[in-house]
Colleague: 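Following this message is one structure expressed as C-alpha cells.
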Amino acid sequence: MPIVLHDTLSREMRPLSLKAGKSTFGMYCCGPTVYGPAHIGNFRTFTLQDVLRRTLEVDGLKVKHVRNITDVDDKTIRGAQAAGQTLTDFTKKWTEKFHADCKALGLLTPQVEPSAVAHIPQQIAMIQALVERGHAYVSKDGSVYFKVHSCKGYGKLSHIDFSKQETQATNSAGEANDADEYERESASDFALWKSRKPEDGNNFWPSPWGEGRPGWHIECSAMSLAHLGATFDLHGGGIDLCFPHHENEIAQTECATGINGFAAHWFHSAHLLVEGEKMSKSKGNLFTLDELVAKGFSPMEVRYALIAGHYRTSLNFTMKGLEDARSALGKIERGVEKLLQVAGFTKAEFSVPTVMETQTAWGRFAHAWEVLQHDLNIPGCLGQVFTMLADKSELTEAQARHDLSGLGKILYALGLVLFTEVAGPSAPANVVALAAQRWAAKQAKDFAAADRLRKELTELGWTMLDHKDGYDLKKSV
RNA sequence: GGCGCGGUAGCCAAGUGGUAAGGCCGGGCUCUGCAAAAGCCCCAUGCGUCGGUUCAAUUCCGACCCGCGCCUCCA
C-alpha cells in the first residue's frame, strides 16, 4: 500500500509513488538561511521532512532528498558585516552548526545540499531565460523583476486570484507593499536579481544586467532544476513559505522551462508555538537545540516532542511536552526491552537500521504502520505503538521477533533512536563518599544514618537510587 | 477584506455515521526499612454553540462564537 499524503496544491490526499520510468523519488526541501543557529521551529519542519523521507524509504522507495543552504540574502550579508567576517566564513560557521544540530536530532543527511552561492550561474541562466521569454524585465537600476501578470496560473498554489487587486497596502510587518513600485511595473512583481547596493559590501556578482545578487526565490528554482530537473515528485517547506516563496518558485521554473508541473506534490508543515505563543525574538521564546540541551533535555527527547503532533496542525511546544516526551520514550524503551527478552536478543543486537533493511515482518505493528502511511499520522501511529506495547498476549519467540521487525521499522521511520542515554555528569568525590557511607549504613540496617545521608546528598543536588545489590547516583533535576 | 487551519478529559493529542486511540499528570494497589524506579488498575454519557439531515452525529450540512496562520524575501 503506498503512502498517501495531503497535497497543498490540489488539496487532496494523493498517493506517493515513483513516476513511470523513474527509479528515484525526487524531494526538494527549502533549507535554512545560515545567519545564526536554527531554532526548534525550523527543526520541526526539517524533522517532519526527515520522517517523510524515512517513511518513504521504509515503504521501499529510493529517495533523492535535496535540501539547500541559503547562504546569500539580506540576513546573511548583514550578519557577516556585523561579525566582521566574509560572507563565506560567516555562512560556513552557521552551516556547520546547522549540520551538528541535524546530526544530534538524528536527521538523515540529504543526498544533495546545494549552496545558493555555488549556483549563481544557474540562477543567472534562469533569469535570462525568463527575460527572453517575456516573463521578466530589467528596471532602471539594473534589477530584474518577474512579471507576475505574464504567468498564467500564478496563484494556483496559494489559491489567490491575482486577476483582482487584492494586495494589501501594507505587509504583515507594517511596511508598505509598494515601497519601490516606481521600479516595478506591478506591486506583485518580485525581484529575480537585485542590483548592487552600497550596503551589500563586497557581496555582488557580475551579470548581464550589471553587478548584483540573486533574489531569494530564484535560488530554490535554480537549485531544484539543477539537481532534480524541471519536474520532480515532492516539494516541502513550512506553511509560511507557501506564499509567496513557493508560488514564485512555480512561476519561475514553469515560465523559464516552458514545462508545466513543477512539483507533483506540495508538503507543508504547520508552525510551532512555544508555550502557547508565536515564536519571536521579542518574546524571547526562540529556543535553539543547545538551549534545550542546556536545560537537561536530550536531542532525542526534543525530536520526539517535535514530531508528536500532526504535521498539518500547529504544535504547542512546551517544557511539559519535553518531559512528556522523556517519559514516553522511556516507555517505548522498556517495551522494546521486554520484546528483546522474549525474542532472545540483546539490546546491542537491536540495530534499527539493520532491522529496516533486512526484515519484512510487521507482527502486531502492521496497523501502526498503516496509520503512519495515511497522511504521515505520527501521533496516531505512536498511539497504536503504545497500544500494542501494552498488549499482554503471551508471545512466542518468533512472534516477538516479528514484532521487533515491525516496531524497528516504525522507529526507523520516526527516527527514534533508543538506548542512547548517556551517563550523566559523574559525581564529585564528596558525593561518592557520602553515597558509599549511606550504602554501608543501609547494609548495617542503621536506617537513621542512611536517611540522614540521603538528606545530605539531596541537599548537594544528588539522588541515590537503590537497587537490590547496588545503587546509582543521579543529578537531581 | 482575501486565502487557509483549528476548537476532543487537568495538559498534550488521534479518530470515527453506530456510541470516544494513545502519551503525560493525578488517584489506588503491588513491590519497597525510607526514597525512587517499575508493574497492575482507575480516570471524557463527552468531542466550541445552536439548528438541520438520519433509525443513529463528536463524525455530514448550515449558521454562529472563539483561537491561530499567511497576504511579497519568517520553517
Side-chain angles (χ1 to χ4, degrees), chain A residues 8 11 29-33 38-49 70 73-75 148 155 158-161 164-168 170-173 175 177-179 184 187-191 194 215-219 236-245 247-248 268-273 276-281 304-305 308-310 312-318 320-321 323-332 334 368 371 377-390 392 442 445-448 450-451 454-455 457-458 463-468 471-472 474:
Chain A
T8 313
R11 298 180 178 177
C29 300
C30 293
T33 302
H39 55 69
I40 45 168
N42 298 313
F43 280 119
R44 181 188 195 200
T45 295
F46 298 135
T47 306
L48 287 169
Q49 290 162 349
T70 297
D73 79 324
D74 292 347
K75 287 182 295 233
V148 164
S158 45
H159 303 94
I160 300 171
D161 184 356
K164 298 179 197 141
Q165 283 214 322
E166 288 176 358
T167 313
Q168 285 197 153
T170 56
N171 64 17
S172 54
E175 298 155 345
N177 276 339
D178 58 353
R184 288 181 286 169
S188 50
D189 291 352
F190 55 90
K194 301 175 121 172
W216 177 46
H217 309 298
I218 197 72
E219 299 179 357
I239 187 64
D240 54 304
L241 296 186
C242 183
F243 185 86
H245 185 56
E247 194 71 60
N248 293 352
H268 287 115
S269 41
H271 273 189
L272 194 67
L273 301 174
E277 293 191 309
K278 189 187 172 174
M279 284 190 306
S280 69
K281 270 168 279 178
Y304 188 100
H310 190 94
R312 283 198 282 142
T313 307
S314 52
L315 177 75
N316 187 14
F317 188 87
T318 61
K320 166 81 164 52
E323 282 159 24
D324 291 359
R326 168 173 296 170
S327 304
L329 277 168
K331 198 163 190 163
I332 295 175
R334 293 189 297 277
V371 171
N377 187 349
I378 299 171
C381 172
L382 285 169
Q384 192 53 223
V385 164
F386 285 111
T387 302
M388 285 303 115
L389 288 177
K392 303 289 182 306
K442 178 181 168 171
K445 301 214 184 296
D446 181 359
F447 297 129
D451 287 351
R454 174 184 287 287
K455 208 176 155 200
L457 284 164
T458 305
T463 307
M464 200 166 161
L465 301 178
D466 293 1
H467 306 304
K468 280 193 292 284
Y471 56 89
D472 283 330
K474 276 185 77 173

Colleague: Could you give the distance separating B:rC43 and B:rG48 at their C1' atoms, to the nearest angstrom?
Modeller: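 The answer is 23 Å between these two C1' atoms.
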Colleague: Sequence neighbours excluded, which residues qualify as salt bridge (charged side-chain N to carboxylate O under 4.0 Å, His left out) partners of A:Asp324?
Modeller: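 Salt bridge (charged side-chain N to carboxylate O under 4.0 Å, His left out) list for A:Asp324, sorted by chain: A:Lys320.
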Colleague: Which of these nucleotides, B:rA21, B:rG23, B:rC74, is closest to any side-chain atom of A:Lys75?
Modeller: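 Looking only at heavy atoms from C-beta outward on A:Lys75, the closest nucleotide is B:rC74.
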Colleague: Listed by chain and number, what are the ring pair (Phe, Tyr, Trp, His ring centres under 6.0 Å) partners of A:Phe317, not counting sequence neighbours?
Modeller: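 None.
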Colleague: Reckon A:Arg11 has a side-chain N or O less than 4.0 Å from the OP1 or OP2 of B:rG4?
Modeller: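 For B:rG4, OP1 or OP2 has a side-chain N or O of A:Arg11 closer than 4.0 Å.
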Colleague: Expressed in whole Å, how much space separates the C1' atoms belonging to B:rA20 and B:rA57?
Modeller: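 Going atom to atom, C1' in each nucleotide, I get 13 Å.
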Colleague: Going by ring pair (Phe, Tyr, Trp, His ring centres under 6.0 Å), name the residues that satisfy it together with A:Tyr304, two or more places apart in sequence or in a different chain.
Modeller: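 Not a single residue meets the ring pair (Phe, Tyr, Trp, His ring centres under 6.0 Å) criterion with A:Tyr304.
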Colleague: Say whether, by atom type as modelled, one donor and one acceptor occur between the side chain of A:Arg184 and the main chain of A:Asp189 under 3.5 angstrom.
Modeller: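 Yes, A:Arg184 side chain to A:Asp189 backbone: donor-acceptor pair under 3.5 Å.
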Colleague: Touch check for A:His159, heavy atoms < 4.0 angstrom, all strands: base, sugar-phosphate only, or nothing?
Modeller: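 Sugar-phosphate, no base atom in range.
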Colleague: What's the closest nucleotide to the A:Lys392 side chain, out of B:rA75, B:rC41, B:rC70?
Modeller: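 Of the candidates, B:rC41 comes closest.
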Colleague: If you compare all heavy atoms of A:Cys381 against all heavy atoms of A:Val371, which two are closest, and at what distance to 0.1 Å?
Modeller: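 For A:Cys381 and A:Val371, the tightest heavy-atom pair comes out as N-CG1, 3.4 Å.
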Colleague: So which nucleotide from B:rA75, B:rU72, B:rG33 ends up closest to the side chain of A:Phe447?
Modeller: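 Taking heavy atoms from C-beta onward, the closest nucleotide is B:rG33.
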Colleague: In whole Å, what is the span from the NE2 atom of A:His268 to the P atom of B:rC70?
Modeller: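 Checked: the NE2 to P distance equals 14 Å.
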Colleague: Which heavy atom in A:Met464 sits nearest to a heavy atom in A:Arg454, and how many Å separate them?
Modeller: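 Reported closest heavy-atom pair: O-NH1, 3.1 Å.
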Colleague: Nearest to the side chain of A:Lys331, heavy atoms from C-beta on, is which of B:rC34, B:rC3, B:rC24?
Modeller: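 Side chain of A:Lys331 sits closest to B:rC24.
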Colleague: Closest to the A:Phe386 side chain: B:rA75, B:rG22, B:rC25?
Modeller: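 In terms of side-chain proximity for A:Phe386, the closest of B:rA75, B:rG22, B:rC25 is B:rG22.
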Colleague: Grab the N/O contacts between the protein and nucleotides 36-38 of chain B below 3.5 Å, and write none if there aren't any.
Modeller:
unit_1: B:rA38; atom_1: OP1; unit_2: A:Arg334; atom_2: NH1; d: 3.1
unit_1: B:rA38; atom_1: O3'; unit_2: A:Arg334; atom_2: NE; d: 3.4

Colleague: Have a look at A:Cys242 and tell me which of A:His159, A:His268, A:Glu247 forms a side-chain contact (heavy atoms from CB on, under 4.5 Å) with it.
Modeller: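 Filter result, single survivor: A:His268.
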Colleague: Passes side chain to side chain contact (heavy atoms under 4.5 Å, CB included), A:Asp466 versus A:Lys442? Steps please.
Modeller: CA-CA 10 Å; A:Asp466 293 1; A:Lys442 178 181 168 171; 2.9 Å; yes
Colleague: Tell me, which stems hold RNA chain B, with a stem being 3 or more Watson-Crick or G-U pairs in a row and both distances under 3.5 Å?
Modeller: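 Expected stems, ordered by start: B:1-7 with B:65-71, B:10-12 with B:22-24, B:26-30 with B:38-42, B:48-52 with B:60-64.
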Colleague: Just the table, please: protein N/O against nucleotides 8-15 of chain B N/O, every pair under 3.5 Å.
Modeller:
unit_1: B:rA14; atom_1: OP1; unit_2: A:His310; atom_2: N; d: 2.8
unit_1: B:rA14; atom_1: O3'; unit_2: A:Asn377; atom_2: ND2; d: 2.9
unit_1: B:rG15; atom_1: OP1; unit_2: A:Asn377; atom_2: ND2; d: 2.9

Colleague: What closest approach, in Å, do A:Leu315 and A:Ala305 show between heavy atoms, and which atom pair accounts for it?
Modeller: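 A:Leu315 and A:Ala305 have their closest heavy atoms at CD2-O, 3.3 Å.
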Colleague: What nucleic acid atoms does A:Leu272 come within less than 4.0 Å of, heavy atoms only: base, sugar-phosphate, or nothing?
Modeller: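 Answer is base: heavy atoms of A:Leu272 come under 4.0 Å of a base.
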Colleague: Checking contacts here: which listed nucleotide (B:rG22, B:rC3, B:rC34) is nearest the side-chain heavy atoms of A:Asp451?
Modeller: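 For the A:Asp451 side chain, the nearest candidate turns out to be B:rC34.
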Colleague: Can you tell me how far P in B:rU8 sits from the matching atom in B:rU45, rounded to whole Å?
Modeller: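 Looking at atom P only, B:rU8 and B:rU45 are 15 Å apart.
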Colleague: Measure CG/A:Asp240 against P/B:rU72 and give the value in whole Å, please.
Modeller: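 Nearest whole value for this atom pair: 13 Å.
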Colleague: Please give the distance between the C1' atoms of B:rA63 and B:rA9 as a whole number of Å.
Modeller: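 Looking at atom C1' only, B:rA63 and B:rA9 are 28 Å apart.
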